[in-house]
Amino acid sequence: MATDIPALDRRDVVRGLLEDRGNLLVVAGLGASAWDITAAGDCATNFPLWGGMGGAAMIGLGLALAQPDRRVLVITGDGEMLMGLGALCTIAVQSPPNLAVVVLDNEHYSETGGQETATRHGVDLVAIARGAGIGDCRAVHGAQEIGPLRNAIHATTAPLFAVVKIATGNHPLVLPPREGAFLTARFREAVLGPAAHHQL
Amino acid sequence: MDRDALEMRPDAAADWPDRIYDTLKAQAVTQVALVPDAGHARLIRRCLADPAMRVVTLTTEEEGVAMLVGGWLGGAKGVLLMQSSGVGNCINMLSLPVLHRAPLPMIVTMRGDYGEFNPAQVPMGSATQAVLEAMGTLVRRADTPGDVVPVVDATLRLAFNTYRPTAALLGQRLIGAKTFGKD
Ligand SMILES: Cc1ncc(C[n+]2csc(CCOP(=O)(O)OP(=O)(O)O)c2C)c(N)n1
Ligand SMILES: [Mg+2]
């Protein structure tokens, strides 16, 4: 790990990744990642999670398979990703060309009091994803790498997995809507049009 | 019956797995998420042979719960196939379809249910229905071949028409229990 580089601020990273997002569909893991995408601008094509820890990447897979013409970005925490590592195998095997998973790795469970995660102790999520068979796996440390990562997310031809090392510490809460049925209905309407509410 | 495998599968003559496949087609299911069970082997083969179905083999059943919520967000209808022990792996993830009012039909082959041979299947098999119901899932059961189509059809309709997790439990009496030649 490149300790000489000042650690990135998570809100800057997420704002940078969501710049000019166009049609991008975004799923965020529970907790701080969900607050981050909301701070960057709440909208119908955001799907912030309030639970289902370990499930964010798989929601992204189901969505990417259902909407092959849209790009899907999952933004989640290291703790959330560690809870569902098998998803990296499942995603690699399915190999959707339109799915990117970005882990905001602060090496801690920030939401629950800042306890250390396994990445704090050397567990290498990039190596795990590469071992699972995901072709484009990146470790990102510097601010100058965020723009290229943003561009890569909009140009994938196979699943992309990136770990962005970020600073520890919490930001002010920026909460998305909490009503799950509302989040579903507004997202589906944005993707499928008003017909979403009449699907049989 | 196959006496070389510990897991049970239906008799080759039993065609209710094909009727389940027909029911999935009638409901326009395109995503099939699963961890294999011998009782689902014939249905899985039918789904794999269908280019209109995306069959996703999971590393653990809870992945399928999250995946099908994502599929629904994108307008795809899916089903989760697993054995009863897999229900235990899904518990917390079932919060998602409840919170998000997402259809989540599950077709569960029962173990530890009727004439079980493997003691390890009994604890989760005994708890399967209670666990599903505790997590807000509507549960229906099929124990005879004649039950299968109406129960699976009702399970799919309840999910897709009323936006919630639902489960069809296919009883071990239907699937067959391993006897190791003692019958
Ligand atoms: C199944 C489950 N276990 C534990 C929790 C408690 N929990 C909520 S957020 C969180 C930490 C998430 O850590 P991480 O994904 O690294 O996010 P960040 O550090 O960005 O906050 C935990 C453990 C939970 N919500 N669900
Ligand atoms: Mg973290």
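Chain naming here is simple, since letters A, B, ... match the order of the sequence lines and numbering starts at 1 in each. Please read these numbers as outputs of a predicted model, since none were measured by experiment.
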TODO: Working to the nearest 0.5 Å, report the span between CZ of B/R101 and CD of A/E179.
DONE: 9.0 Å
Task: A/R186 versus chain B, the contacting section by heavy-atom distance below 4.5 Å - done: neither
Task: Cluster link B/V32 to B/V148, ILVMFWY, side chain under 4.5 Å - done: yes
- [ ] Can you tell which part of A/L85 gets under 4.5 Å to a heavy atom of chain B, answering side chain, backbone, both or neither?
- [x] neither
TODO: Give a yes or no answer on whether the side chain of B/S95 reaches the backbone of A/G52 with a donor-acceptor pair at less than 3.5 Å.
DONE: no
Task: Which of B/N161, B/N92, B/L96 touches chain A most, by non-hydrogen pairs under 4.5 Å - done: B/L96
- [ ] Might you point out which heavy atoms bring B/T57 and A/Q94 nearest each other, and give the distance in Å?
- [x] N-NE2, 4.3 Å
Open item on the list: With a 4.5 Å cut-off on side-chain heavy atoms, are A/T184 and B/W72 touching?
Closed with: yes
Task: Contact class of B/T30 relative to chain A, heavy atoms under 4.5 angstrom - done: neither
TODO: Identify which part of B/E63 has an atom lying under 4.5 Å from any heavy atom of chain A, answering side chain, backbone, both or neither.
DONE: both
Task: Atom pair CG/CD of A/L200 and B/Q27 - distance to nearest 0.5 Å - done: 9.0 Å
- [ ] Identify whether B/V56 and B/V108 are in the same connected component of the hydrophobic contact network (ILVMFWY, side-chain heavy atoms under 4.5 Å).
- [x] yes
Task: A/Q199 side chain near B/F160 side chain, heavy-atom distance below 4.5 Å - done: no
Open item on the list: When you group the ILVMFWY residues by side-chain heavy-atom contacts below 4.5 Å and let the links chain together, are B/L80 and B/I91 in the same group?
Closed with: yes
Task: Atom CG of A/L173 with >12 non-hydrogen neighbours under 6.0 angstrom - done: yes
Task: Close approach to chain B in residues 66-74 of chain A, criterion heavy atom under 4.5 Å - done: A/A66, A/Q67
Task: chain B contacts, top residue of A/A87, A/G51, A/G86, A/A57 (heavy-atom pairs, under 4.5 Å) - done: A/G86
Open item on the list: Quick check: is B/V152 connected to B/L132 through a chain of hydrophobic side chains (ILVMFWY, heavy atoms under 4.5 Å apart)?
Closed with: no
Task: Contact origin within B/L73 toward chain A - heavy atom pairs under 4.5 Å - done: both
TODO: Please answer: with hydrophobic residues joined when any side-chain heavy atoms are less than 4.5 Å apart, are B/L169 and B/W16 in the same cluster?
DONE: no
TODO: Can you tell which part of A/A196 gets under 4.5 Å to a heavy atom of chain B, answering side chain, backbone, both or neither?
DONE: neither
TODO: Could you look at A/L183 and say if it's the side chain, the backbone, both or neither that has a heavy atom under 4.5 Å from chain B?
DONE: side chain
Task: Value rounded to 0.5 Å, distance of CG in B/L58 from CE in A/M58 - done: 5.5 Å
Task: Residue selection (most heavy-atom pairs with chain A, distance under 4.5 Å) from B/G71, B/A28, B/A76 - done: B/G71
Open item on the list: What part of A/F47 gets within 4.5 angstrom of chain B, counting heavy atoms only: side chain, backbone, both, or neither?
Closed with: side chain
Open item on the list: Contact between A/L49 and B/H100 at the side-chain level, heavy atoms closer than 4.5 Å - yes or no?
Closed with: yes
Open item on the list: I need the minimum non-hydrogen distance between B/M93 and A/M53, along with the two atoms involved.
Closed with: CE-O, 3.7 Å
